[in-house]
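Input: a single structure, listed below in structure tokens.
Quick note on labels: first sequence line is chain A, next is B, and so on, each numbered from 1.
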Amino acid sequence: MFPYPSGEGLHVGHIKAYIATDVYARHKKMNGFNVLHPMGWDSFGLPAENYAIKNKINPKVSTAKNVATFKKQLSNIGFNYDWSREINTTDPEYYKWTQWIFLQLFKKGLAYESYEPIIWCPSCKTGLALEDLEDGKCERCGSDIEKRPMRQWVLAITKYADRLLEDLSLLDWPASIKESQKNWIGRSEGSEIDFKVKKLDLTIKVFTTRVDTIFGATYLVVAPEHPIFAAGNLIFSNAEEINKYIIASKKISDIDRTAEGKDKTGVELLGVKAINPFNNEEIPIFVADYVLGHYGTGAVMAVPAHDTRDWEFAKKYNLPIRESVKGGDISVEAFTEDGILVDSGDFTGLVSSEARKKMTEWLKKNKVGRKTVNYKLQDWVFSRQRYWGEPIPLIHCDKCGVVPVPEKDLPVKLPEVKSYEPTGTGESPLAGIPNWVNVKCPKCGGKGKRETNTMPQWAGSSWYYLRYIDPKNKKMFVDPKKEKYWMGKNGVDMYVGGTEHATRHLVYVRFWHKVLFDLKLVSTKEPFYRLANQGLVMGEDKRKMSKRWGNVVNPDNVVADFGADTLRVYEMFMGPFEQAISWSTSGMMGSRRFLEKVWRLMESIDPKLKNKELESLLHKTIKKVGEDIENFRFNTAISTMMIFANEVERLGTVSKSQYLEFLKLLAPFAPHITEEIWHELGHKKSVHVEKWSKYNKSKVKEKSFILVVQVNGKVRDQFEAPCGLKENEVLDLTLKRENVTNYINGNSVKRVIWVPDKLINIVI
RNA sequence: GCCGAAGUGGUGGAAUGGUAUACACGCAUGACUUAAAAUCAUGUCCCGUAAGGGAUGAGGGUUCGAGUCCCUCCUUCGGCACCA
């Protein structure tokens with residue numbers, strides 16, 4: 001994943017992922033692959049802009065400065081990036097295509113204008129998507145958020161909810177990321193039921209996953225946002241009280257409103273009743289803020305006997321609690337599990353799962369309900385009232401409505417402004433530039449106004465992996481009209497980044513990719529079939545690295561003091577790649593010592609030596625290091641190399657060819673020192689263009705092994721034996737050993753388990 | 001509450017169902033040195049002089065054999081959450 005060039009610079013945790021891809025890319029290259037290992041800058045959006053505002057610099061200037069800092073830091077570490085393919089999402093030649101993709105979404109009807117109240121950050125002064133919240137606060141600045149009705153652009157990601165969920169099964173991704181996405185999408189199967197409202201010519205639809213409990217429904221609840229209130233509340237005899245309740249509930253923030261255990265409040269809609277379609281029973285209707293307007297239908301049937309929230313509400317307002325599923329004691333608490341239906345008309349006696357099927361069928365047959373699916377995922381609020389983003393390429397015309405900017409006129413460049421601070425008015429700073437805003441309508445030539453909202457920070461990263469093509473083409477981007485596909489058959493082979501993107505970038509990018517797939521612009525269903533997450537590198541004090549704790553380790557200092565190779569080897573060796581681990585300076589010294597040892601062992605080379613003793617170990621090492629890199633198990637790859645180096649040291653001599661083979665294994669991890677030694681030993685070409693060593697299966701095989709003898713599963717003896725023995729031969733050898741016969745002690749041998757070339761277990 | 005991941009020495013961790021604690025850090029002792037650093041050597045889970053016994057969060061189970069598979073529970077981390 002390309003970094004966000006923040007003003008803080010990189011710390012040793014950020015570069016862990018880059019070291020891993022570098023090792024992986026170098027290894028693949030040595031194995032003959034044509035590797036594209038790119039770097040770029042995802043630099044539009046709030047963090048860059050907030051930094052710019054705080055430091056009173058134009059975001060364009062500060063971004064360029066931050067990019068330069070990042071690039072310098074990275075260049076210290078010896079990455080094999082192809083800098084000729086460096087990209088920057090703020091480059092007009094880049095965001096031209098971000099805008100182009102937006103227009104495809106628009107033309108497909110997947111981008112629409114909405115006036116619904118959305119999340120508003122009063123500090124960042126912009127609308128936000130649900131994904132931009134963390135613990136109910138603005139993820140960027142930590143401010144409490146508000147709800148604010150305003151005009152906005154929204155992307156219909158919910159149309160792709162099912163595919164985003166289903167296709168997770170195609171992905172070789174960490175379980176936790178898949179799990180997060182699954183929870184975020186929040187698919188829930190159930191039934192929609194129509195309740196006719198008596199005296200009014202309207203129907204309230206409710207969503208439930210527990211249609212089997214409907215005979216226990218004793219009232220209905222609608223959210224304060226429910227459309228039933230849209231036409232005014234004069235139909236209710238207590239209209240004033242209802243109005244008061246609705247207004248009050250809008251003032252409460254979403255977090256307070258949805259906090260579990262919060263006292264439930266509500267008001268009955270007097271003068272109307274809802275009719276349960278199953279038994280024609282008339283039940284009261286309440287408005288209560290424990291029902292959310294944006295989920296399901298914004299209305300629920302309340303079954304206090306079998307739902308905890310309804311139970312609490314019913315207790316408080318003295319509403320009847322009627323059992324319809326056997327199994328609990330509803331006088332004490334709601335019974336929410338499945339069971340056998342009671343007092344449920346024709347459905348009495350069925351088990352819940354069966355009842356749900358039959359009752360949903362009944363709803364359909366009688367045209368009073370249907371099977372439905374609901375999602376927690378909401379459409380993506382895509383406009384920001386900020387300066388530092390891609391202008392949304394649309395023009396508003398009084399006559400023609402919303403008109404897309406013609407493709408030939410892209411990019412719509414972000415204009416230079418004097419004041420780039422957010423206005424807070426619900427308009428972006430771009431609205432204050434009349435000669436940018438006022439344009440001709442591309443359709444009718446009449447007066448038009450540019451859309452002044454910009455795209456969110458996630459736009460540019462939603463397709464950056466597509467800005468590469470076969471190098472033979474020599475072009476930096478492909479015109480989608482001329483080229484069928486933007487990418488090869490397999491897409492990105494390896495994608496590495498942090499877990500914080502689980503429900504943001506990694507959802508958005510899959511959504512855009514699927515849209516492009518439907519447009520036949522990409523050939524794969526998914527952008528990244530393989531993903532790895534680097535674990536956090538924490539400070540030496542086991543706290544998260546932060547200025548606040550003064551525990552940030554800057555790679556520049558580590559490189560200056562201990563060398564880039566030490567840093568690289570240590571970060572790969574410190575533990576499993578995906579695990580969070582604390583930095584340890586003394587631990588890092590161990591990696592430094594290992595590299596010094598490798599250097600020293602040059603002196604142990606005996607050019608005349610044909611070192612048979614090491615041959616088997618070397619080939620095992622070649623095998624293990626290659627497999628470990630492929631599987632992102634860098635820590636064990638390094639420990640395997642350490643074992644080899646220790647053995648060379650123990651023996652005191654090594655043949656030149658063996659030493660060189662070993663150097664190649666180390667080269668992806670420690671590119672500088674291996675190159676130095678490689679040349680020292682007389683090579684003109686680089687070690688990094690060498691072919692990766694091939695291990696020899698026959699050489700991996702040992703001639704003898706340490707046979708472990710167990711008696712009844714306990715280790716009682718071990719001795720060296722030649723490989724390839726048969727079970728009876730081994731047993732003969734074993735039964736001659738005094739240690740073994742002592743334990744057998746005259747008992748008859750009941751069973752013998754023989755694991756070839758490893759272990760024998762004698763059961764007595 | 002639901003879902004997921006994980007619990008192994010003083011520390012980071014290793015272990016296709018087959019010798020638990022590889023590798024590294026730290027520590028101790030020794031060698032080298034006037035001394036220190038660096039380097040090298042030896043040792044370092046617990047009990048026991050030893051033979052041996054016991055330890056992979058706790059308790060059960062499957063198996064000739066379990067850190068690994070199954071069940072129950074505890075703890076930590078992550079996601080979702082008045083989501084009907």
Regarding the side chain of Arg751(A), the nearest nucleotide among C64(B), C25(B), C23(B) is C64(B)
Could I get a table of every N or O pair under 3.5 Å where one atom is in the protein and the other is in nucleotides 66-76 of chain B?
none

Relative to Tyr743(A), does Arg716(A) satisfy both conditions: NZ or CZ under 6.0 angstrom from the six-membered ring centre, and within 45 degrees of the ring's axis? yes
Contacts of Ser616(A) meeting side-chain hydrogen bond (donor to acceptor under 3.5 Å, both in side chains) (sequence neighbours excluded), chain-then-number -> Glu702(A)
Check: Phe335(A) ring centre within less than 6.0 Å of Trp311(A) ring centre = no
Its contact letters, B for base, S for sugar-phosphate only and - for none at protein heavy atoms under 4.0 Å, make nucleotides 44-54 of chain B read --------SSS
Can you check nucleotides 12-15 of chain B for protein contacts, nitrogen or oxygen pairs under 3.5 Å, and list what you find?
unit_1	atom_1	unit_2	atom_2	d
G12(B)	O2'	Met574(A)	O	2.5
G13(B)	OP1	Gln579(A)	NE2	2.1
G13(B)	O5'	Gln579(A)	NE2	3.4
A14(B)	OP1	Asn635(A)	ND2	2.9

Does NZ or CZ of Lys16(A) fall inside the cone over Phe577(A)'s six-membered ring, less than 6.0 Å from its centre and within 45° of the axis? yes
In numerical order, the residues of residues 754-764 of chain A whose heavy atoms come under 4.0 Å of RNA chain B are Val755(A), Lys758(A), Leu759(A), Asn761(A), Val763(A)
Note: contacts of residues 296-309 of chain A with RNA chain B (heavy atom, under 4.0 Å) are Val300(A), Arg309(A)
Taken in chain and number order and not counting sequence neighbours, the residues that satisfy side-chain hydrogen bond (donor to acceptor under 3.5 Å, both in side chains) with Arg593(A) are none
From the list Ile605(A), Leu618(A), Leu601(A), side-chain contact (heavy atoms from CB on, under 4.5 Å) with Val654(A) holds only for Ile605(A)
The side-chain hydrogen bond (donor to acceptor under 3.5 Å, both in side chains) partners of Thr636(A) (sequence neighbours excluded) come to Asp628(A)
Practice item. Please work out whether the ring planes of His226(A) and Phe229(A) are parallel, tilted or perpendicular, with thresholds of 30° and 60°. Key: perpendicular
The Watson-Crick or G-U wobble partner of U33(B), with both key distances under 3.5 Å, is none
Listed pairs, N/O of protein and of nucleotides 3-7 of chain B, under 3.5 Å:
unit_1	atom_1	unit_2	atom_2	d
C3(B)	O2'	Glu179(A)	OE1	3.4
C3(B)	O2'	Glu179(A)	OE2	2.0

Under 3.5 Å, which N/O atoms of the protein pair with N/O atoms of nucleotides 37-40 of chain B?
unit_1	atom_1	unit_2	atom_2	d
U39(B)	O3'	Arg600(A)	NH2	3.4
C40(B)	OP1	Arg600(A)	NH2	2.9
C40(B)	OP1	Glu649(A)	OE2	3.3

With sequence neighbours left out, the residues meeting ring pair (Phe, Tyr, Trp, His ring centres under 6.0 Å) with Phe669(A) are none
Sorted by chain and number, sequence neighbours left out, side-chain hydrogen bond (donor to acceptor under 3.5 Å, both in side chains) with Trp754(A) holds for none
Expected label for G26(B) (glycosidic angle, syn inside 90° of 0, else anti) would be anti
